[in-house]
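Along the sequence shown, residues are numbered consecutively beginning with 1. Here the structure is a predicted model, which means the values were calculated and not measured. Heavy-atom basis, side chains included; hydrogens, waters and symmetry copies ignored.
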Amino acid sequence: MAISCAQVRAAVSAQVSTVSGFHLANLPPSYFGRIVDTIAHKAFAVQISNITAVPERQRVSIGTYIKTSVSIKFAYRLRPHDVYPTDYDSSFDSAEDIIQAVLGTYSVIQQGLVGKFDSATSTIPTAISYIIHQLNFTFFHTI
């Protein structure tokens with residue numbers, strides 16, 4: 001069953017949207033952290049960052065079997081210093097919730113789509129008003 005990269009991005013976005021309070025941002029992932037006032041608390045974006053063909057020797061398939069790298073970026077508000085590290089720690093709990101939402105049900109998203117978690121990074125922009133998390137996944141599917 002062929003699954004386009006756009007369908008992978010949409011399926012991942014739908015799964016992240018199921019995590020309490022998260023909503024799709026109206027800007028591309030590369031803008032996260034650049035402009036302070038444009039990012040809302042628990043806003044996220046999903047980016048297809050790399051597509052690579054995967055050699056198949058064991059099975060005959062129709063189409064091309066590929067590996068799609070997907071990045072999820074999200075913002076989490078850090079309130080003033082008197083509540084540190086509560087919001088900081090909560091942001092990592094949210095990152096774990098997103099990982100579980102995306103991987104826990106990827107087989108339900110679409111048949112023929114297999115995913116795995118690769119890595120996570122976080123940065124705090126100069127304004128110190130939020131933390132930006134980036135979660136990296138790999139999905140295998142046929143196009």
Side-chain angles (χ1 to χ4, degrees), residues 1-56 58-59 61 63-143:
M1 169 180 238
I3 303 170
S4 72
C5 293
Q7 288 173 310
V8 172
R9 191 206 57 72
V12 170
S13 293
Q15 288 304 109
V16 176
S17 293
T18 66
V19 178
S20 179
F22 279 85
H23 58 280
L24 189 61
N26 293 330
L27 60 137
S30 58
Y31 279 89
F32 274 70
R34 285 188 185 176
I35 305 168
V36 178
D37 296 336
T38 60
I39 300 176
H41 179 58
K42 292 189 175 182
F44 73 91
V46 178
Q47 173 179 323
I48 303 293
S49 52
N50 192 18
I51 302 166
T52 312
V54 177
E56 278 193 285
Q58 299 299 320
R59 69 179 190 187
S61 68
T64 304
Y65 194 59
I66 63 171
K67 174 174 73 169
T68 301
S69 299
V70 176
S71 297
I72 300 168
K73 283 189 177 181
F74 74 90
Y76 197 96
R77 185 186 71 232
L78 298 175
R79 292 175 289 180
H81 303 289
D82 57 339
V83 293
Y84 180 83
T86 303
D87 290 341
Y88 183 78
D89 291 341
S90 294
S91 75
F92 285 94
D93 291 341
S94 290
E96 292 171 14
D97 291 343
I98 290 172
I99 293 167
Q100 291 175 356
V102 170
L103 294 182
T105 56
Y106 68 82
S107 61
V108 174
I109 294 173
Q110 192 152 354
Q111 189 175 13
L113 183 63
V114 178
K116 71 180 189 96
F117 172 72
D118 293 325
S119 64
T121 58
S122 61
T123 57
I124 299 176
T126 308
I128 312 175
S129 58
Y130 56 90
I131 184 169
I132 304 291
H133 287 275
Q134 179 171 328
L135 309 175
N136 302 304
F137 297 84
T138 301
F139 288 91
F140 296 90
H141 58 102
T142 302
I143 58 170

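When every heavy atom of L27 is checked against every heavy atom of A45, the shortest pair comes out as O-CB, 3.8 Å. Closest of all the heavy-atom pairs between I99 and L135 is CG1-CD1, 4.1 Å. When all heavy atoms of H133 and S91 are compared, the pair lying nearest together is NE2-OG, 2.9 Å. Closest non-hydrogen pair, A40 versus A75, comes out as O-CB, 3.8 Å. Residues A2 and Q7 share a closest heavy-atom pair of O-OE1, 4.1 Å. Here the shortest heavy-atom pairing between V54 and I66 reads CG2-C, 3.8 Å.
How far CZ of R77 is from OH of Y130: 13.5 Å, rounded to the nearest 0.5 Å. With rounding to the nearest 0.5 angstrom, the CD1 atom of I131 is 4.5 Å from the CD1 atom of I124. Atoms CD and CZ, on Q100 and F117 in that order, are 11.0 Å from each other to the nearest 0.5 Å. Within the model, atoms OG of S69 and CD1 of I48 stand 8.5 Å from one another, a figure rounded to the nearest 0.5 Å. How far OG1 of T86 is from CZ of R79: 7.0 Å, rounded to the nearest 0.5 Å.
Contact check for I98 versus F44: no side-chain heavy atoms found under the 4.5 Å cut-off. A 4.5 Å side-chain heavy-atom check between F137 and V46 finds every atom pair outside the cut-off. When side chains are defined from C-beta on, S94 does not count as touching V19, because their heavy atoms never get closer than 4.5 Å.
Within 6.0 Å of CG in N26 there are 12 or fewer heavy atoms belonging to other residues, nucleotides or ligands. Within 6.0 Å of atom CZ in F140, more than 12 heavy atoms from other residues, nucleotides or ligands are found, so the atom counts as buried in its surroundings.
Remark: the backbone N or O of I3 is paired with a side-chain donor or acceptor of H141 at under 3.5 angstrom.
With H41 as the fixed residue, the ring-ring contact (aromatic ring centres under 6.0 Å, His included) test singles out one of F22, Y76, F74: Y76.
Residues passing the side chain to side chain contact (heavy atoms under 4.5 Å, CB included) test with N136, sequence neighbours excluded: S71, D118, S119, Q134.
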